[in-house]
Amino acid sequence: MSDGPILELRSITKRFPGVVANDAIDFELLPGEVHALLGENGAGKSTLMNIVYGLYRPDGGEILIRGKPVTLGSAREAIMHGIGMVHQHFMLIPVMTVAENIVLASEPTHAGVLLDYAASVERVRELSERFGLAVDPEARVENIGVGQEQRVEILKALYRGAEILILDEPTAVLTPQEAAELFEIIRGLQAQGKSIIFISHKLKEVVEIADRITVLRRGRKVDTISREGATETGLARMMVGREVLLRVEKKPAAPGQPMLEVHDLSVLDDRGLGAVRDVSFAVRAGEIVGLAGVDGNGQTELIDALAGLRRPSGGEIRVRGQDVTRASARRVLDLGVGHIPEDRQRRGLVLEFSLAENLALHDYDEEPNSRFGWLFPRRLISRARKLLREFDVRGGGPQTRASALSGGNQQKVVIAREVAGDPDVLIAAQPTRGLDVGAIEYVHRRLVEVRDEGKAVLLVSLELDEIRALSDRILVIYEGRIVGEYDPKVAEEDLGIAMTGGGSAAAA
Amino acid sequence: MLSVVLAALALTMFAGASFGMVGAPTVRKAAQVTYKMAVITDVGGLNDHGFNQAANAGRLQVEKKLGFQTRVYDTRTSAERLPNLQAAAQAGYQLVFGTGFFMGDPLDKVAPKFPDVKFAGIDVNYNTDLPSKPANVRGIQFKEQEAGYLVGYMAGLVLKQQPGPDIASAIGANTVPAIVRYFGGYRAGVKKADPKATVILSYANDPTFSDQAKCKEVALNQISQKTQIIFAVAGGCGLGALDQAKAQGLWGIGVDSDQLYLGPEMLTSALKDVAKAVYLTSQEFKKSPANFKTGFNKVFNVKNGGIGYGKVSAKLKNRAAIIKKVNAIKKLIAAGKIVPPAK
Amino acid sequence: MYQRAGGIVTPLITALFAFVVGGLVVVATTGKNPLSTYRAIFDGTGLNWLFPWVSGVARHDAALNLQQTLLVMAPLMLTGLAVAFAFRCGLFNIGGQGQYTVGTVVAVQTGIWFASMPKPAHILIAIVLATLAGAVWAGIAGVLRATVGAHEVITTIMLNWIALWVASYLVGFGGPLQDKRFGAVNPNTPDIVASAKLPVFWGDPQLQGLHIGFFIALAALVVFWIVLSRTTLGYEVRAVGFNAEAARYSGINVPRSYFLAMAISGAFAGLAGAIDLLGWEFHLDLTVVQSSQIGFFGIAVALLGRNSAVGVFFASLVFAALLNGTSARALDPSIFDPQLAGNLTRIIQGLVVLFVGADLLVVYLWQARRKLGLVGRDGLEPGKEPAAS
């Protein structure tokens, strides 16, 4: 860490109509440093980085690279100054190979018009070995996983000569294993002298990877602190601006009757292959059962089957003792099963609908919302007004479109709808994915409240912390089978091993 | 130069002003009486290679040779048939043609409202297509059998002079009366020239007159029966048959308008001269508008020039001699010495 | 805001643009002053009837023209609704033409039968049966989509052809509906009886005056709006249209919605056929069966009208006005070659459709802009969910 900063932002201001996205933000990045930019959704992190990457022009302030003021009018100029950015959504061409993607997206470096493919493959291979980013240069992008795609994006930036790498929420799309691998890569890059800006709203990983952390809140810089002095609680307070409970406070569970029972359930996936195999478990009233597992091990199919969205190929599902194995989604709902779907924007909400309409998705066809097929929009609205207040949904009224809300508030709407129906069983699939700290806290508190009201809650999540914090019992699913049941106090390592197929079932 | 521009400008402005009065008679005080005639075409357009186009061609001749002031109303949808007729009548056109038998119904309704205007319906049968029998409408019909007879006679002569079996054929789209009449004349004509000849008559059963594949299929069937000459009486459908004849090196005969432009393999065409019918009718009107008779069917035939045959292929052997013989027959028909059968 | 106003503003602006460009075509092809042509087109639509200062003969003519414009507008509204309703359920109903044709066939036959029935009952039964026929016809595509997942674009196109050829057979030579009087010489049906004809409220009943089908179409617009926004069925249809996956997750029977949306769409188109037939056509002939474009225009009407009731009203007015304004009656042949006039209609129609496409592109870009965070309060964090404020 010699000399001065490689990148320095002085008093950067960016206004959008009605909003100051960045308000006189100072920021500096030292050579060889991993500098995390932390903040809730909407805090101005991405705006700031898009200014650095030349996508936006600041309304005020200056940018210095290696001490010299520069204007970055386009991504091209940013790249010329050695800045590379890996966006949250990858920009790769699926039908092309890894090497083609890396080479073609860069400035032309080959003489003539013909692409020297062998040489490209060679250079990509060389690059990937130097930085420890294992990829197959000749694999087609459509055939590689998300983690690999991210590496391709990083390689693309390195290939273009990036000294400063901006990673925008890089772990949002990764499994815990992939995230761990990414951190190894980041450390490797750091060792080779690259400077990295790491955008995130996840406290834990920020504390783990960053040398220094800059926290933004509502377009302003709160502070820059070094890792040594940082605690998750302290960072959370800086982010949200108030005290945040990171630990879930809950009383011991008082389980009652089994509400949801699954016996030898088997479910096929879309390709007709077995996704869930002979699964049996029960969720009792007043307990939260966590289902842990790496993504793609049958969780989606299991939830679909429980919610009546997918016909099981064998076995039995009972809700309060009633057989619902072949029931329709509507009947399962009517029997008292609430379902927070894993992808709220695709499955949980009709984004073009108003909040009132979204809140009525389950019971629009019941009195008092409608009678004999005639809908009463006013009644939908007045009920929505009540629910929005009760569930603390901010950013819009009953007639606001769902798409206008932030992710956290959207999720509150989904929860409001599912909980308002007073279900006996609540299935919550990844209920906090993509949410920031404040919203996560809220969702967790609500789930515990639901439990304490005596409902049975099945929580499916990829976040081990969440599972451990909320569950009263933990089931691990691996390749469609329940491979073990654990006490929530189990060590994270043991869970991780079970989730990847190792270890044997341990009794709780 | 400037004056031309000014004149053009004035003209457009005048036009713009007068557009407001769509149906109103254009005020034009001319020294001598100018007659006004309009043609209302039916759905299909002015380039339909059929009677819309022919009727419009007739209108242009009327304008040029008879000095009428004319206008064509191109009907694009069935909803425009009646309003177009009405607009023409209202705009002061004294003689209004509607083309095609679908004009029968609108004529039946519009004509009674404009007793001072004379209407003529091409292919409209006064006796069957106009239930209210409006007094100021004239049906225009054609003796298709005479055209069929002429081209049939020529076909017979060609069969006789060329090697190969003496077989001729005809393809009709459907059993429409006009096609039945063409067929009757055709068969009689071939037999007259070549009594040994066989005549094959088939229908493609194409109600649309446009399905080339159907006529082509029938043509192939006839070719397998060794026909040497194919008379296609089927509008657009017939083009499929003529194509097939051309491909096999056989003679084809066109229908309604002169179809020799299709190629030198076309022997000739049976003409049902709609343009001439428009012209002759207008001429009759000009002679004495007051005595222009309506309330009946005017029949066009060889004698009055509404029926005939078209240009003859340059490739034909003994062309002059054959044309001479056909013309002789034509005279006999005109004189009523030969009466071709109507079926 | 742009979205809301789109229902009214877009069709008008789009049409205006099309006319302006059409005018350039006029200048380029004829060298004539396009303003006079516009004037002629406008007067041809009869909309000048609305101006109080138009009087005398001009007023009489304007009335006749406006009657014809509204006469065409009525079925266009309905075929526009036929496309729009399915669209609101996420379905693209290309089959309006076939559904319309089926409606005309059923209307003509019911109009010929039941000759002894009193007028209102006869009209009612003819309309109801024709509407049902359209619903059944489109319902076939709906069932196929709901059960085996056959895409409605393919099936409705195929059903169009089936309707076309079946109707051609029925009214054509030797067909069971052909007029058998006078030796069955023409490919058309007999006229419906007087008791089945819709009353004419403006203009001469003998001369294709404006019939009450216009009000039926207006009522259909209201029904369209009510069904969509005030019934549980409409709620389901919209939920499925916006996000079928979310609808399915909340227990809505998506296949059932597909079926019902198609059937209702078809009902609108069948009704269009009924009012055309009972209102002014009175019989079917082969050219009408084969050359009618009313159902296809419905697609453009719905697109231009943004699938809303108000939008469809204005879009159908624009199209009807365009059709009538560029008719041979409106354009003086000495200024405008009659053959060119026909092409001008097509040019302007093409431009309207093109601009509708462009308009959708504008809306898309507008939304994409917001998503990319180039503007507004939603744009603080590009690529992420918009922030609450």
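These numbers come from the heavy atoms of this one structure, side chains and all, not from hydrogens, waters or symmetry mates. Predicted, not measured: the structure shown is a model, and the values here were computed from it. Proteins get letters first, then strands, A, B, ... in listed order; numbering begins at 1 in each.
Contacts between A:E418 and chain C at a heavy-atom distance below 4.5 Å are absent for every atom of the residue. When heavy atoms are compared at a cutoff of 4.5 Å, A:D304 approaches chain C solely by way of its side chain, counted from C-beta outward. Both the backbone and the side chain of A:L309 come within contact range of chain C, judged by heavy atoms closer than 4.5 Å.
C:E245 is linked by a side-chain hydrogen bond (donor to acceptor under 3.5 Å, both in side chains) to A:R347, counting only residues two or more places apart in sequence or in another chain. The side-chain hydrogen bond (donor to acceptor under 3.5 Å, both in side chains) check on A:S370 picks up nothing, with sequence neighbours excluded.
Contact tally against chain C (heavy-atom pairs below 4.5 Å) for A:E357, A:H339, A:H362: the top residue is A:E357. Counting heavy-atom pairs under 4.5 Å between each of A:P341, A:P377, A:A329 and chain C puts A:P377 at the top.
C:N243 has its side chain out of reach of A:L349: every pair of non-hydrogen atoms, C-beta onward, lies at least 4.5 Å apart. Two residues are said to be in side-chain contact when any heavy atoms from C-beta on lie closer than 4.5 Å; A:F372 and C:T231 fail this criterion.
Considering OH of A:Y364 and CD of C:E236, their distance stands at 3.0 Å, rounded to 0.5 Å. Atom CD1 of C:I252 and atom CG of A:L361 lie 5.5 Å apart (nearest 0.5 Å). In this structure, A:W374 CH2 and C:L233 CG are separated by 12.0 Å, a value rounded to the nearest 0.5 Å. How far OG of C:S250 is from CG of A:L333: 7.5 Å, rounded to the nearest 0.5 Å.
Shown here is C:F87, whose CZ atom has no more than 12 heavy atoms of other residues, nucleotides or ligands within 6.0 Å. For CZ of A:R220, the number of neighbouring non-hydrogen atoms (other residues, nucleotides, ligands) closer than 6.0 Å is 12 at most. Heavy atoms from other residues, nucleotides or ligands lying under 6.0 Å from CZ of A:R217 number more than 12.
Side-chain contact, A:D343 with C:Y249: no donor N or O sits under 3.5 Å from an acceptor N or O.
The two residues C:Y235 and A:F353 have their closest heavy-atom pair at O-CZ, 3.7 Å.
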* To do: Would you check, one step at a time, whether the test salt bridge (Lys or Arg N to Asp or Glu O under 4.0 Å) holds for C:R238 with A:E352?
  => CA-CA 9 Å; C:R238 285 182 298 128; A:E352 293 86 348; over 6 Å; no
